[in-house]
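Taking it in order: structure first as structure tokens, then the write-up.
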Amino acid sequence: MTVVTRFAPSPTGFLHIGGARTALFNWAFARHHGGQFLLRIEDTDRARSTPEATEAIFEGMRWLGLDWDGEAVSQASRETRHAEIGADMLANGTAYKCWSTKEEIDAFRAQAKAEKRPPLFLSPWRDADADAIAAQDAAGEPYVIRLKAPREGQVVVEDAVQGTVTWEAAQLDDLILLRSDGTPVYMLAVVVDDHDMGVTHVIRGDDHLTNAARQSLIYRALGWDVPVFAHIPLIHGPDGAKLSKRHGALGVDAYRDMGYVPEGMRNYLARLGWSHGDDEVFTTEELMDWFNLEAIGKGAARFDFAKLANINGHHIRSMPEDRLAALLFDFAAAQDHALDAATRDMLTEALPGLRERAKTLTELVDLAYYILATRPLEPDEKAAKALAGDAPKLLARLTPHLHAATPWKPSPLEDAVRRFAENEGLKLGKVAQPLRAALTGRGVSPGVFDVMVTLGRDEALARIADVTGG
């Protein structure tokens, strides 16, 4: 059997972090088994679905590196097929026409509530005689088509994550399959689409668990094989409450804009509810090799920005330099930094030192401020403090020693600064800190002598002159 999974978001907004994890799990499972990962846009809600939201989902998937097989399927484009299946179910007796009005249904439920009975609507048309049905048909009254669900026994779903889950049949209503205007409801459309697309495994959030019970009834009514269901626990915030925007329930694009890299996001999202022993940091190739459904936990995962940053920092430090450089260039350009050829060359040269201190591309850009900024630099708080008092005079006395340093390499520059500090009766740090502040505008940076080499003699001396007035 070829494994086929799918991700089926509704295009009513951005690709949020919970949806991204669902997509990742489906993608990783399919890739692990050499199967197919399909993308279906569930756009039947015409009022809320927008082309912009659909494109945002595509863009989020591409940024995460979750490539799908074939073309994305629009659920709305398949309404005729869904309606045909509903009509087939009516013809084979697994569904029936229901003429009950909204007022009748509301009255039924109100009476049930008053009598302290379950408010499950029991349609009088389920077992109506042929004459009554014929009369309604002849009158041309609008009707819906409902599933003729079992009234007795149990409905059982064998879930790959949750285990055996059982519902009493009496708890499940005769759900509507086709509305009075002939359009299909979500429950029917999902089953038909998954069947037609050959989906073998439905991996989704456990808020869909009850849907699995109802959908399994539709599968069985049609005589179709029921796919393997795997309902994964939802993501909670660090406090254990349902994930909200204050916890991190943002769109994937927001994490991209905050400077997280795709490799880091894939790694962290995989660890939200799935594990491989004690491995916290792993490559995407290892994820594809290891991923299985058995290792998905039943408890809700907790989103933790500190863990995300740590994992992201590891990937920044370990990814190939050309890959990191490309990500950094794109990120910096998106923040309106001018990146001419000389700036790119300086960034590339400085990258080995910069990456060791950064957990995000945002931090990387901040550390690279001395390369990206134009003179005169605007010092941050620490740099301004380091340049206060007699610091400019100290740097003015240092400048001739730097002019004399040759070649313009880290070792000769360090020797020159050390000798100067000794002559001044100062420790090296007392000279290096204002020097760093003058060169970078920051209190923290890569090694100050590496910075000087990256900037080059003329630019480095010119920045010191901006501070000394020389």
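All residue numbers refer to positions in the sequence shown, counting from 1. Just so it is clear, the model here is predicted, and its values are computed rather than measured.
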- Query: Taking R442 for the side chain and E381 for the main chain, is one N or O donor matched with an acceptor at less than 3.5 Å?
  - Reply: no
- Run the salt bridge (Lys or Arg N to Asp or Glu O under 4.0 Å) check on D67 and R31 step by step: do they pass? CA-CA 10 Å; D67 55 318; R31 296 295 177 255; 3.6 Å; yes
- Item | Short side-chain donor-acceptor distance under 3.5 Å, D174 and S123 | no
- Going by distance alone, is a donor N or O of one side chain under 3.5 Å from an acceptor N or O of the other, for E42 and S10? no
- Between H32 and D289, a side-chain donor and acceptor under 3.5 Å: no
- Task: Find out whether L64 and M265 are in side-chain contact, i.e. whether some heavy atom of one side chain is under 4.5 Å from a heavy atom of the other.
- Result: yes
- Message: Within the 3.5 Å criterion, strictly below it, is a donor on T440 or R436 matched to an acceptor on the partner's side chain?
- Response: no
- Note on the structure: Here the gap from F7 atom CZ to F25 atom CZ, rounded to the nearest 0.5 Å, amounts to 12.5 Å
- Query: Among side-chain atoms of H276 and D279, is any donor-acceptor pair under 3.5 angstrom?
  - Reply: yes
- Task: Indicate whether the side chain of T22 and that of R204 have a donor and an acceptor atom separated by less than 3.5 Å.
- Result: no
- Query: Is the distance between the ring centroids of W99 and Y143 under 6.0 Å?
  - Reply: yes
- Message: Looking at A72, is its backbone amide N or carbonyl O close enough to the side chain of R40 to form a donor-acceptor pair, meaning the two atoms are under 3.5 Å apart?
- Response: no
- Message: Does either side chain, that of D345 or that of T348, offer a donor lying less than 3.5 Å from an acceptor on the other one?
- Response: no
- Would you please say whether a donor-acceptor pair under 3.5 Å links the side chains of S216 and R220? yes
- Query: Would you call the rings of Y219 and W224 parallel, tilted or perpendicular if under 30° counts as parallel and over 60° as perpendicular?
  - Reply: perpendicular
- Any side-chain heavy atom of T44 sitting closer than 4.5 Å to one from V185? no
- Backbone of L439 reached by a side-chain donor or acceptor of R463 within 3.5 Å: yes
- Task: Using modelled atom types only, decide if a donor and an acceptor are shared between the side chain of S318 and the backbone of H314 within a distance under 3.5 Å.
- Result: yes
- Message: I'd like to check H208 versus F229 (side-chain heavy atoms, cut-off strictly below 4.5 Å). Are they in contact?
- Response: no
